[in-house]
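Okay, structure first, notes after.
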Amino acid sequence: MTELTERLLAWFQRHQRALPWRETADPYRIWVSEVMLQQTRVEAVILKYQQFVESFPDAAALASADEEEVLGLWQGLGYYSRARRLHQAAQILVHEHAGRFPDYQGFRGLPGVGEYTADAVYSIAFGRPVLAVDGNVLRVGARLFCLEVDILSARAKKAVRSALHDHVAVNQPGVFNQALMDLGSAVCVPRKPRCEGCPAAFCCEAKLTGRTDELPIRGAPSRPRPTPVAVWVIRDREGHLLLRRRRGGGFLQGLWEFPWWETESSDAAAETEGAYGSGALRLTGRQAFHEYTFSHKQWLMDIREYVFDSDGELPWMPKSAEDYAWVSESGWANLPTATAFRSVFAFAGASGILAIGEEDDDG
DNA sequence: TACTCGTGGAC
DNA sequence: TGTCCAAGAGT
């Protein structure tokens, strides 16, 4: 065991956070936590994790659940394909692996299980002596070894793996990996690292050469692309709201939403009116404008209210219509929805939304 | 490699 | 207030 390893483990023993997924050795629960934690802060995960494993205490329970129920518990966490892939993977585990965790390669091949997740779960739950390289470890490694390459590049990952290889605590790799991650999130933070309390400061090349503020090197993320989008709040004669469930694509797949269309022109309302309007749809005149920013696009939402004055279906609704539903102003609360539509529910006056708290309306 | 895929907290 | 970014995976 190297001095770095020794000091890091001692620091972790003293400073580690109490987290619900650290109170179990169940690989299923550790797996759930790792998937939830992808690109997501610990504080946002804790409650969701507890609710999730309470509803689905094991892989069999998750496998037999409806996708809608799974998405409902994931609601608000974002990156919803994680939930669908976890659900699919649980079904594969139950039906093709008799509910037992397969070997490392078998697990690595499950939907949503990449290199990091496989390494994290198998080091923590099974003691597999591998380094789990996440964003924290990349940042810590970049400073420890003064890596001059973009930490998001494949080269950086390879360099960190190589440089840390001999430091992995092979008799407790899971503890070692979590110690590195905790160090990254609590001490070796992106800006203004807290080197005073760092157990690795004694051998940190960035610290010893005064370069902690220059490292790591990381390219600027691409900016969200402004995107006009028309959102239709459609009521029937009884005041029910028309929602649809998204199918066939990655974005927000499986979630319920108001009908919307991204448009080429900045006048989203006019463009969609021509394409999707119908004689049975009557504008009420109520309109609002909201912005909502995803990781990769910025929606400029032109929200309009219509009344559907007919008993039929709208031309663009599929014949089966099983992915469309007329719901009461409180009925939406039982359906998984994306946060992007929170302001639209507020606009629609849907009950329950005021408890969440709102928000601007440029009218 | 570069892009898609959400959300909200920190500063 | 805008910017950054968090225990990534899939394509």
Side-chain angles (χ1 to χ4, degrees), chain A residues 16-17 19-22 29-49 71 74-86 88-89 107-125 131-140 149-157 174-186 188-192 216 218-225 227 246 249-255 257 262 291-299 336-343 356-357 359-360:
Chain A
Q16 70 167 302
R17 290 170 292 179
L19 299 170
W21 46 88
R22 287 180 176 168
R29 294 189 179 220
I30 292 166
W31 175 26
V32 169
S33 76
E34 288 301 338
V35 174
M36 282 193 169
L37 285 162
Q38 291 169 8
Q39 298 292 288
T40 309
R41 295 179 180 282
V42 165
E43 308 80 58
V45 168
I46 292 175
L47 181 59
K48 295 288 185 182
Y49 166 84
L71 286 171
W74 209 272
Q75 182 172 282
L77 270 183
Y79 286 149
Y80 297 98
S81 63
R82 292 182 296 172
R84 291 186 288 102
R85 291 182 182 130
L86 180 62
Q88 296 166 10
F107 184 70
R108 174 68 178 78
L110 293 175
V113 178
E115 185 177 31
Y116 164 76
T117 301
D119 288 342
V121 171
Y122 274 59
S123 66
I124 296 170
L131 182 69
V133 183
D134 74 328
N136 286 307
V137 176
L138 286 170
R139 183 173 57 257
V140 170
V149 295
D150 189 320
I151 58 168
L152 298 183
S153 68
R155 285 182 58 193
K157 191 170 181 179
V175 175
F176 177 80
N177 284 329
Q178 292 181 84
L180 265 183
M181 291 188 271
D182 261 25
L183 186 72
S185 65
C188 196
V189 293
R191 286 170 295 192
K192 297 183 65 178
R218 180 178 176 137
S222 55
R223 292 182 182 281
R225 187 175 60 257
T227 308
R246 190 152 194 77
F251 188 52
L252 303 180
Q253 188 180 339
L255 300 174
E257 61 188 16
E262 292 181 353
E291 291 187 7
Y292 186 87
T293 304
F294 299 94
S295 52
H296 60 301
K297 64 175 80 178
Q298 179 189 24
W299 265 8
T337 57
T339 305
F341 290 95
R342 193 157 49 179
S343 64
I356 298 176
E359 189 158 318
D360 58 308

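We use all heavy atoms of the structure for the numbers below, so side chains are in, but hydrogens, waters and symmetry mates are not. Within every chain, numbering begins at 1; the chains are lettered A, B, ... in the order of the sequence lines, protein sequences first and strands thereafter.
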Original post:
Touch check for Arg246(A), heavy atoms < 4.0 angstrom, all strands: base, sugar-phosphate only, or nothing?
Top reply: nothing
Hey, does the side chain of [X] come within less than 4.0 Å of [N]'s phosphate (OP1/OP2), counting only N and O?
| X | N | result |
| --- | --- | --- |
| Thr339(A) | dG6(B) | no |
| Arg342(A) | dG8(B) | yes |
| His296(A) | dC5(B) | yes |
| Arg139(A) | dA6(C) | yes |
| Ser295(A) | dT7(B) | no |
| Tyr79(A) | dA6(C) | no |

Original post:
With Tyr79(A), which residues qualify under ring pair (Phe, Tyr, Trp, His ring centres under 6.0 Å), at least two apart?
Top reply: none
From [atom1] of [X] over to [atom2] of [N], roughly how many Å is that when rounded to an integer?
| X | N | atom1 | atom2 | result |
| --- | --- | --- | --- | --- |
| Arg41(A) | dG6(B) | CZ | P | 18 Å |
| Phe294(A) | dA6(C) | CZ | P | 22 Å |
| Tyr80(A) | dT7(B) | OH | C1' | 7 Å |
| Leu19(A) | dA6(C) | CG | P | 17 Å |
| Arg223(A) | dT4(B) | CZ | P | 15 Å |
| Tyr49(A) | dT7(B) | OH | P | 23 Å |
| Leu77(A) | dG8(B) | CG | P | 9 Å |
| Glu291(A) | dT3(C) | CD | P | 12 Å |

Output the single nucleotide from [options] whose closest atom is nearest the side chain of [X].
| X | options | answer |
| --- | --- | --- |
| Pro190(A) | dG6(B), dC5(C), dA9(C) | dC5(C) |
| Tyr116(A) | dG6(B), dG8(C), dC5(C) | dG8(C) |
| Arg85(A) | dG6(B), dG10(C), dA9(C) | dG10(C) |

**OP:** Determine the minimum heavy-atom distance between Ala132(A) and Val137(A), stating which atoms define it.
**Re:** O-CG2, 3.5 Å
Original post:
Got a sec? Which of residues 30-37 of chain A come in under 4.0 Å of DNA chain B, heavy atoms?
Top reply: none
Original post:
Using atom P of each nucleotide, how far apart are dA9(C) and dG8(B) to the nearest Å?
Top reply: 22 Å
Original post:
Going by atom types only, do Arg22(A) and Gln178(A) share a side-chain donor-acceptor pair under 3.5 Å?
Top reply: yes
Original post:
Glu34(A) and Tyr116(A): side-chain donor and acceptor closer than 3.5 Å?
Top reply: yes
**OP:** Mind telling me whether Phe107(A) and Tyr122(A) have parallel, tilted or perpendicular rings, with 30° and 60° as the class edges?
**Re:** tilted
**OP:** Just say parallel, tilted or perpendicular for the rings of His296(A) and Phe294(A), cut-offs at 30° and 60°.
**Re:** tilted
**OP:** Look only at the side chain of Asn177(A) and the backbone of Ala120(A), and say whether a donor-acceptor pair between them is shorter than 3.5 Å.
**Re:** no
Original post:
With a cut-off of 6.0 Å (strictly less than), are more than 12 heavy atoms of other residues, nucleotides or ligands near CZ of Arg17(A)?
Top reply: yes
**OP:** Would you state whether a donor and an acceptor, one from the side chain of Thr293(A) and one from the base of dG6(B), lie under 3.5 Å apart?
**Re:** no
**OP:** Tell me which of Arg191(A) and Arg22(A) sits closer to the 5' end of DNA chain C, going by the nucleotide each one is nearest to.
**Re:** Arg191(A)
Subject >> Contact nearer the 5' end of DNA chain B, comparing Lys297(A) with Ala154(A) >> reply: Ala154(A)
